[in-house]
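For reference, the structure discussed in these notes is given below.
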Amino acid sequence: MSHQDAGVELSNLRARSPHPPEVTPAGSVNGDEKSYRKSLDMVETGPAECLDSQSGRVPSSAVAAGTPASRRLARIQFATLCWTLFLAGWNDGTTGPLLPRIQRVYHVGFAVVSVIFIFNCIGFLTAAATNVWLTDRLGFGKVMVIGSLAQVIGYALEAPAPPFPVFVLGYAVNGFGLGLQDAGANGFVASLKENAATKMGILHAIYGVGALCSPLVATQFAQLQRWSFHYLVSLGVALLNTILLIVVFRFKDQDYCLAEIGQTPTHDESGTDNGSKYKQMFRLRSLHLMAIFILIYVGVEVTLGGWIVTYVINLRGGGPDSGYIASGFFGGLTLGRVGLLWVNQKVGERRAVFIYAIVAIGLELVVWLVPSLIGGAVAVSFVGVLLGPIYPIVMNHAGRVLPPWLLTGSIGWIAGFGQAGSAVLPFMTGAIASRTGIKSLQPLLVSMMGFMVFLWALVPSTPRRIE
């Protein structure tokens with residue numbers, strides 16, 4: 001065997017690949033599509049080329065791996081997904097500073113205003129349940145655009161400050177769109193061969209940038225008569241996101257887009273004989289543990305960023321500018337996802353999660369027990385730094401312990417199901433606060449962080465067979 005052949009085989013073994021091509025019944029697709037799917041098998045032992053799904057020819061944009069053209073296209077694709085995650089962070093950072101104003105405008109208490117989180121949750125869970133089905137039938141590119149358009153519709157519903165039922169309906173539509181895009185972006189980046197761990201950290205750092213910027217803008221709008229026009233700004237960000245997704249990915253599926261940057265899709269046929277993709281995925285214990293872990297993590301993140309403003313205003317005597325504390329938290333989140341990459345590599349990602357979570361619990365106890373506005377604000381920012389790296393670490397870990405042919409669908413489920421945490425825990429906080437007051441925020445956060453440590457101890461550190 002030549003050195004070149006050995007290199008090709010080694011590259012295929014190391015690939016963190018998406019799901020395998022579906023077995024298509026004869027006559028159900030046209031000849032061009034058959035040619036395209038056949039080409040995906042051919043590229044595993046040949047150059048990184050794939051056939052155009054429409055013309056049957058090698059697309060003009062398909063390039064060999066490692067060339068300047070492939071690296072440039074890969075950077076463009078990654079930057080587009082980063083903008084999608086910026087929008088996700090922007091969305092999650094918006095609600096906190098606006099919550100007190102929403103309560104005053106609609107004359108609702110903690111429990112009723114928390115209904116927006118429940119509708120958000122419905123959207124997220126719908127996206128998580130349908131993501132694999134939609135992606136297999138429509139392809140990555142189309143599903144991402146559908147998700148982005150759903151967010152456009154959601155913001156359009158919210159911008160005129162409509163009656164409360166319509167306002168919360170906007171959150172449901174928005175949640176569905178965000179869930180689809182979050183799943184697709186995470187699955188795509190996790191399937192990359194080159195520097196996937198670093199790129200996952202950067203991707204979610206950009207989420208933090210969005211969540212950092214949004215409260216700065218939302219805090220200003222919260223003090224204006226036309227407070228809901230903040231959602232027009234969000235609408236503009238979402239429209240730009242839709243345009244970028246259409247231009248860059250052109251409604252193509254994930255295998256096609258990876259082949260365009262010179263990455264050969266590697267399919268493990270062992271995954272095709274054991275039932276449907278859903279059945280295989282949901283027999284994975286590690287998948288469920290990581291999904292529940294991410295649900296709690298995202299819930300803690302959004303609850304802290306969302307309710308801390310109300311907590312500080314009510315219990316620490318904070319003024320109208322307290323919304324900037326939420327920016328401090330999300331700024332810490334961003335810094336941690338990039339600045340602690342070297343720590344993750346030094347101590348090991350699995351051990352790092354335990355260290356970050358335990359120290360974050362200690363800092364949250366400071367926020368709870370020390371009645372200081374400034375001290376609490378600083379502690380909240382450092383909690384953000386420590387929680388920041390955990391999400392991308394879990395996504396990287398999923399790439400190591402889950403079957404390669406189920407990786408994209410599994411990460412999509414983890415991300416989509418986990419996003420429901422951004423609705424469930426904030427709603428629980430509001431429901432409990434309506435009975436006991438906002439002082440219940442800190443005990444809830446500390447207990448949930450402790451539960452995260454417990455769950456992480458149960459997550460396998462090595463791949464397991466499908467049970």
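These numbers come from a predicted model, not from an experiment.
Side chains of Glu158 and Ser228: no donor on one and acceptor on the other come within 3.5 Å. Residues Asp182 and Tyr207 bring no donor and acceptor atom of their side chains to less than 3.5 Å of each other. Side-chain atoms of Asn91 and Asn174 form a donor-acceptor pair, as typed in the model, at a separation below 3.5 Å. Between the side chains of Gln151 and Asn241, not a single donor N or O lies within less than 3.5 Å of an accepting N or O.
To the nearest 0.5 angstrom, Leu441 atom CG is 11.0 Å from Asn314 atom CG. Atoms CD and CG, from Gln77 and Leu244 in turn, are 12.5 Å apart once rounded to the nearest 0.5 Å.
Ring planes of Trp307 and Phe117: tilted class, angle from 30 to 60°. Classification of the Tyr171-Tyr231 ring pair by plane angle, with boundaries at 30° and 60°, yields perpendicular.
Taking the ring centre of Phe249 as origin, the terminal cationic atom of Lys252 falls outside the region bounded by 6.0 Å and 45° from the ring axis.
Leu295 is listed as a side-chain neighbour of Phe417, based on a closest heavy-atom distance under 4.5 Å.
The six-membered or imidazole ring of His397 lies near that of Trp456, with a centre-to-centre distance under 6.0 Å.
Val367 and Gly376 get closest at one heavy-atom pair: CG2-O, 3.9 Å.
For Arg351 (side chain) and Asn344 (main-chain N/O), no donor-acceptor pair under 3.5 Å exists by modelled atom type.
The existence of a salt bridge linking Glu260 and Arg72 is excluded, since no basic side-chain nitrogen approaches an acidic carboxylate oxygen closer than 4.0 Å.
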